[in-house]
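In what follows, a single structure is set out as structure tokens and then discussed.
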Amino acid sequence: MVGYSADDYLRFSADKETIYYSEPVYACEDAYVLPTNDNSEQWGVRSDGHWTYVNCLMYSFPPQGWKIHITSTIYDAQNVLYDVAEYLFVKSISFKYLSSRTCFIQANGKYADRLESGKFITIYPSSEHIFIQLLKDLKTIVCKYDDGPYILTDKQWQNSNVFFRYGALKPRFSNEKNVPVIVTPQGDLIPDKELPLYSLPSFVDEPIYVKENNYLYKIIRRCIIIG
């Protein structure tokens with residue numbers, strides 16, 4: 001690399017005024033650490049090298065529904081994970097996170113999948129009610145940290161590092177094509193489309209609370225009315 005460090009690289013990725021980054025980065029493996037969990041026997045933890053999955057063995061979550069993503073800068077990532085995981089352990093909510101600093105850099109790199117960029121922690125609510133409560137609580141937890149990269153596939157919650165979308169929560173694929181799917185109310189399998197913009201399946205609508213309390217949503221709606 002010429003003139004840039006790994007820290008510079010991730011700082012650039014958090015700059016919402018730019019889209020592409022000019023230098024590839026290589027970093028040493030440096031695993032993120034979870035907080036101590038007093039009920040560790042109630043949790044299953046595994047890693048595929050890139051993601052670490054932390055599943056609550058007491059409570060399951062549905063195959064599809066609302067999911068939450070937490071974004072972060074590389075400087076705050078360990079502290080963000082610690083604070084968020086500590087809360088999720090208390091609430092018995094399953095989640096996954098990028099396993100290491102190296103994985104964080106790769107996920108936000110120049111040649112990384114733009115649909116995955118910015119997704120540091122993924123959280124799996126077991127119901128719409130819990131989803132709404134998580135939005136409120138998680139914003140409070142991460143509000144002290146700097147803005148992370150914007151997540152293109154999601155909608156931002158109240159201009160915070162909390163994002164959300166509707167989609168598959170557990171792996172499910174169609175018989176014909178090896179693509180993730182969700183199920184319509186009629187029982188049809190349709191692709192779980194992840195586009196570089198926020199979109200919803202035709203049979204899904206945002207909860208009323210989310211519509212009425214998302215600051216960004218209100219700003220967009222006001223602009224449309226005025227325009």
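- Using a cut-off of 4.0 Å between Lys/Arg side-chain N and Asp/Glu carboxylate O, K67 and D154 are scored as not salt-bridged.
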Candidate pair K193 and T153, rule side-chain hydrogen bond (donor to acceptor under 3.5 Å, both in side chains), full reasoning: CA-CA 10 Å; K193 295 181 180 179; T153 60; over 6 Å; no
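- Side-chain contact between F131 and Y209 is absent, with no heavy-atom pair separated by less than 4.5 Å.
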ring-ring contact (aromatic ring centres under 6.0 Å, His included) between Y124 and F95: does it pass, once the steps are laid out? CA-CA 6 Å; Y124 304 105; F95 63 100; 8.9 Å; no
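- Heavy-atom minimum distance, A85 versus P35: CB-CD, 3.7 Å.
- Between W66 and L169, the closest side-chain pair of non-hydrogen atoms is not below 4.5 Å.
- Checked against V183 for a side-chain contact (heavy atoms from CB on, under 4.5 Å), the options D188, L189, I190 give a single hit: L189.
- Cluster membership check: L134 shares its hydrophobic cluster with V204, using side-chain heavy-atom separations under 4.5 Å among Ile, Leu, Val, Met, Phe, Trp and Tyr.
- Between G118 and N108, the closest heavy-atom pair is N-OD1, 3.0 Å.
- I123 contributes atom CD1, which lies 12.0 Å from atom NZ of K96 (distance to the nearest 0.5 angstrom).
- Nearest heavy-atom pair across F61 and S94 is CE2-CB, 3.7 Å.
- One distance of note links OG1 of T122 with CH2 of W51; it measures 4.5 Å at 0.5 Å rounding.
- Panel note: side chain D76, backbone D146; a donor-acceptor pair is recorded below 3.5 Å.
- Summarising the geometry, atom OG1 belonging to T36 is positioned 9.0 Å from atom CZ belonging to F89; distances are rounded to the nearest 0.5 Å.
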Please evaluate residues N39 and Q42 with respect to the criterion side-chain contact (heavy atoms from CB on, under 4.5 Å), reporting the C-alpha separation (whole Å), side-chain torsions for both, the decisive distance (0.1 Å), and the verdict. CA-CA 6 Å; N39 298 310; Q42 298 176 2; 3.7 Å; yes
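- More than 12 heavy atoms of other residues, nucleotides or ligands shown are found within 6.0 angstrom of CZ on F203.
- Of all the heavy atoms in P125 and P62, the pair that sits closest is O-CD, 3.8 Å.
- Y82 and I121 fall into different hydrophobic clusters, where Ile, Leu, Val, Met, Phe, Trp and Tyr are joined by side-chain heavy atoms under 4.5 Å apart, directly or via other members.
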Trace of the side-chain contact (heavy atoms from CB on, under 4.5 Å) decision for K170 with S60: CA-CA 11 Å; K170 296 179 179 178; S60 185; 3.0 Å; yes
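- For the pair E206 and K155, the minimum side-chain heavy-atom distance is below 4.5 Å.
- By the ring pair (Phe, Tyr, Trp, His ring centres under 6.0 Å) test, Y97 is found to be paired with no residue, residues two or more places apart in sequence or in another chain being considered.
- Hydrophobic clustering keeps V90 apart from L88 (ILVMFWY residues linked when any side-chain heavy atoms are closer than 4.5 Å, directly or through intermediates).
- A salt bridge links R165 with D192; the closest basic N to acidic carboxylate O contact falls under 4.0 Å.
- Transitive grouping of hydrophobic side chains (ILVMFWY, heavy atoms separated by less than 4.5 Å) brings I70 and I132 into a common cluster.
- To the nearest 0.5 Å, the span separating CG on N214 from OG on S160 amounts to 8.5 Å.
- Across every non-hydrogen atom of D48 and H50, the tightest pair is OD1-N, 2.9 Å.
- The closest side-chain heavy-atom distance from K91 to S126 is not below 4.5 Å.
- Put simply, CG on L152 and OG on S117 are 6.5 Å apart, with the number rounded to the nearest 0.5 Å.
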Between F164 and V210, does a side-chain contact (heavy atoms from CB on, under 4.5 Å) hold up when you go through it step by step? CA-CA 10 Å; F164 62 91; V210 174; 3.6 Å; yes
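- The main-chain N or O of S99 is never found under 3.5 Å from a side-chain atom of T52 such that the two would form a donor-acceptor pair.
- The hydrophobic cluster around V33 extends to none of the other residues, as no ILVMFWY side-chain heavy atom falls under 4.5 Å of it.
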Check the pair N37 / W43 against side-chain contact (heavy atoms from CB on, under 4.5 Å), numbers first and verdict last. CA-CA 9 Å; N37 180 11; W43 295 82; 2.9 Å; yes
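- Using a 4.0 Å cut-off between charged nitrogen and carboxylate oxygen, K144 and D83 count as a salt-bridge pair.
- Checking D137 against Y87 by side-chain atom types alone, a donor-acceptor pair falls below 3.5 Å.
- Taking Ile, Leu, Val, Met, Phe, Trp and Tyr as hydrophobic and joining them when side-chain heavy atoms fall under 4.5 Å apart, one finds L57 isolated, its cluster having no other members.
- A distance of 8.0 Å separates CG in N213 from NZ in K136, rounded to the nearest 0.5 Å.
- Remark: aromatic rings of Y166 and Y198 are distant, center separation not under 6.0 Å.
- Hydrophobic clustering of Ile, Leu, Val, Met, Phe, Trp and Tyr side chains at less than 4.5 Å, counting indirect connections, unites V84 with Y75.
- Looking only at side-chain heavy atoms (C-beta outward), W157 and K139 come within less than 4.5 Å of each other.
- When all heavy atoms of A31 and S100 are compared, the closest pair comes out as CA-CB, 3.7 Å.
- With ring centers used as reference points, F163 lies under 6.0 Å from Y150.
- At a threshold of 4.5 Å between non-hydrogen side-chain atoms, the residues F120 and T71 do not count as touching.
- Residues E86 and I141 form no side-chain contact, since every pair of their non-hydrogen atoms from C-beta on lies 4.5 Å or further apart.
- The shortest side-chain heavy-atom distance between S47 and Y53 does not fall under the 4.5 Å cut-off.
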